[in-house]
Trainee: 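This is the structure I want to talk about, given as structure tokens.
The structure displayed is predicted, hence computed values, not measured ones. All values below come from the heavy atoms of this structure, side chains included, with hydrogens, waters and symmetry mates left out.
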Amino acid sequence: MISEKWLSLLSYLQRQTHVFAPKKELLEQLNSKFTFLKSQFSNVNHGNDPRYLDWIEHETFSAVLSDVMREQTFTKNELCNAFDLLNSAQLCQLALSVINNHQQLLATDEFEIKRGIALQQLGENQQAEQAFSAAISFNPDNHMGLFYLGYSQICCGDMEKAAVYFKACIDKAPGFAGGYQNLAGCYYQEQEFEQAAECCEQAYAIDPTIPASYMTAVSSYLALCKLEDADRWLQRAASQQIETVELLRLAGIWAHQSGKQQQAIVELSRYLEVKREDFDVLAIRAQALAADKQWKPLITDLKRLLELDPFDRCNLEQMFLASYHTEQWDQAEQVMAELSKLSDHYKHTYRNQIDEIRKQQAIFVSVTA
């Protein structure tokens, strides 16, 4: 039996368009196709693997709905709703099939753009570019063709060429925020942070609800060490109720660079709850903990970081200080032994702390004796 999530998707698809057939009839078709495909591709090694079953269900849904939707009569609005929904659900082949079967409802340039979007999602970037170019040849004023051509170049890693397309897109449609935002991303990747921030300002003026504008702007201003401007964008995000995991990271970095270590620790900790394996952010939180003299939680972070690189001088030095301040004398001594292998200057820099450690260890030995 096909799982409930596919039936829920089918119900939602029909609400966005119209009812294709009685529910019982569609359910019978889906379950029959699912049983057939499962028997055809069954293998004792993966027959009950959830990923394998999900693939079978994906193929089942695509095959049945392709046949069902081919026989439907859609309005243009229904067709566009169906395409957008299927594409967002990663049913790109089905989305492509639907517009191919109802091409007559769309203007030629609009059809080519939708075809290109589906092909791009399927990883057929060269064919997608051809479709977007065809759209522009049919309608030179279609700025979305230029926009998606720019995105294709981003996928290929050619930021310079992508920027050319996004600039052309903006020239055609100066009120299209997406053109400015993607151009900002190109500038940021090329480390042209001033231009990136300027494009974000233009995108924000048109549409203040695009999360990427906030992330690119804050990142650009942090790179430029313009902390007030970065904070202004963080405040904007809060006022617009824009919340993303990436903004948590950026807010934490901003707080750390601004000397607000407790705030940095809170923001970075929230981020690390989601992205636990981001060691770069873990290292920044460790710096904030050290600056705020929160020695116990610092030790926890440093242990993870030193597992990654046992010879990192900065982390070893912080581990020595954290161990010293939490009176873990044996651990402090062991860490200093590792530091001394790297350089003699640590023994001179921390002479007083080493003397105190030896004194405390002597007291302990005297008491236990």
Trainee: Can the ring centroids of Y346 and H348 be said to lie less than 6.0 angstrom from one another?
Mentor: no
Trainee: Among side-chain atoms of E198 and Q202, is any donor-acceptor pair under 3.5 angstrom?
Mentor: no
Trainee: Do any pairs count as a salt bridge (charged side-chain N to carboxylate O under 4.0 Å, His left out) and have a residue in residues 19-31, sequence neighbours left out, and if so which ones?
Mentor: none
Trainee: Could you pull out all residues at least two apart from E317 that satisfy side chain to side chain donor-acceptor pair (under 3.5 Å)?
Mentor: Y350
Trainee: In plain terms, say whether R304 and E307 are close enough for a salt bridge, that is, a side-chain N and a carboxylate O under 4.0 Å apart.
Mentor: no
Trainee: Is there side-chain contact between P208 and Y214, with heavy atoms separated by less than 4.5 Å?
Mentor: yes
Trainee: Suppose we screen for side chain to side chain donor-acceptor pair (under 3.5 Å). Which residues come up paired with Q328, at least two apart in sequence or across chains?
Mentor: T326
Trainee: Hey, are R285 and D278 close enough for a salt bridge, meaning a charged N less than 4.0 Å from a carboxylate O?
Mentor: no
Trainee: Can you find a heavy atom in the side chain of Q318 that is under 4.5 Å from one in the side chain of L321?
Mentor: yes
Trainee: If every non-hydrogen atom of L79 is compared with every non-hydrogen atom of H102, which pair is closest and at what distance?
Mentor: CD2-O, 3.6 Å
Trainee: Just wondering, are more than 12 heavy atoms of other shown residues or ligands nearer than 6.0 Å to CZ in R232?
Mentor: yes
Trainee: Using a distance-only test with no angle check, is there a side-chain donor-acceptor pair under 3.5 angstrom linking E129 and Q153?
Mentor: yes
Trainee: For a salt bridge (Lys or Arg N to Asp or Glu O under 4.0 Å) check, start with the C-alpha distance between R51 and D54, then their side-chain angles and the critical distance, and finish with the verdict.
Mentor: CA-CA 5 Å; R51 292 171 298 179; D54 190 64; over 6 Å; no
Trainee: Is E110 paired with K76 through a side-chain N to carboxylate O contact shorter than 4.0 Å?
Mentor: yes
Trainee: For the residue pair F193 and Y187, is the inter-centroid distance of their aromatic rings smaller than 6.0 Å?
Mentor: no
Trainee: Other residues, nucleotides and ligands only: do more than 12 of their heavy atoms fall within 6.0 Å of CG on D344?
Mentor: no
Trainee: Any salt bridge linking K260 with E267? Criterion: basic side-chain nitrogen under 4.0 Å from a carboxylate oxygen.
Mentor: no
Trainee: Taking NZ, NE, NH1 and NH2 as the nitrogens, is one of them in R270 or E273 under 4.0 Å from a carboxylate oxygen of the other?
Mentor: no
Trainee: Does a donor on one side chain and an acceptor on the other come within less than 3.5 Å for E333 and Q361?
Mentor: yes
Trainee: Ignoring hydrogens and angles, write down the donor-acceptor pairs under 3.5 Å from the side chains of residues 111-118, residues two or more places apart or on other chains.
Mentor:
residue, atom, partner, partner atom, Å
E112, OE1, R115, NE, 3.2
E112, OE1, R115, NH2, 3.0

Trainee: Parallel under 30°, tilted from 30 to 60°, perpendicular over 60°: which one fits the rings of F20 and H18?
Mentor: perpendicular
Trainee: List for me each residue that meets side chain to side chain donor-acceptor pair (under 3.5 Å) alongside E194, sequence neighbours excluded, and say none if there are none.
Mentor: K226
Trainee: For W295, what residues pass the side chain to side chain donor-acceptor pair (under 3.5 Å) criterion, not counting sequence neighbours?
Mentor: none
Trainee: Check the surroundings of atom CD in Q104: do more than 12 heavy atoms from other residues, nucleotides or ligands lie under 6.0 Å from it?
Mentor: yes
Trainee: Would the number of heavy atoms belonging to other residues, nucleotides or ligands and lying under 6.0 Å from CD of Q16 be above 12?
Mentor: yes
Trainee: Counting the benzene-type ring for Trp, do F147 and Y165 have ring centres under 6.0 Å apart?
Mentor: no
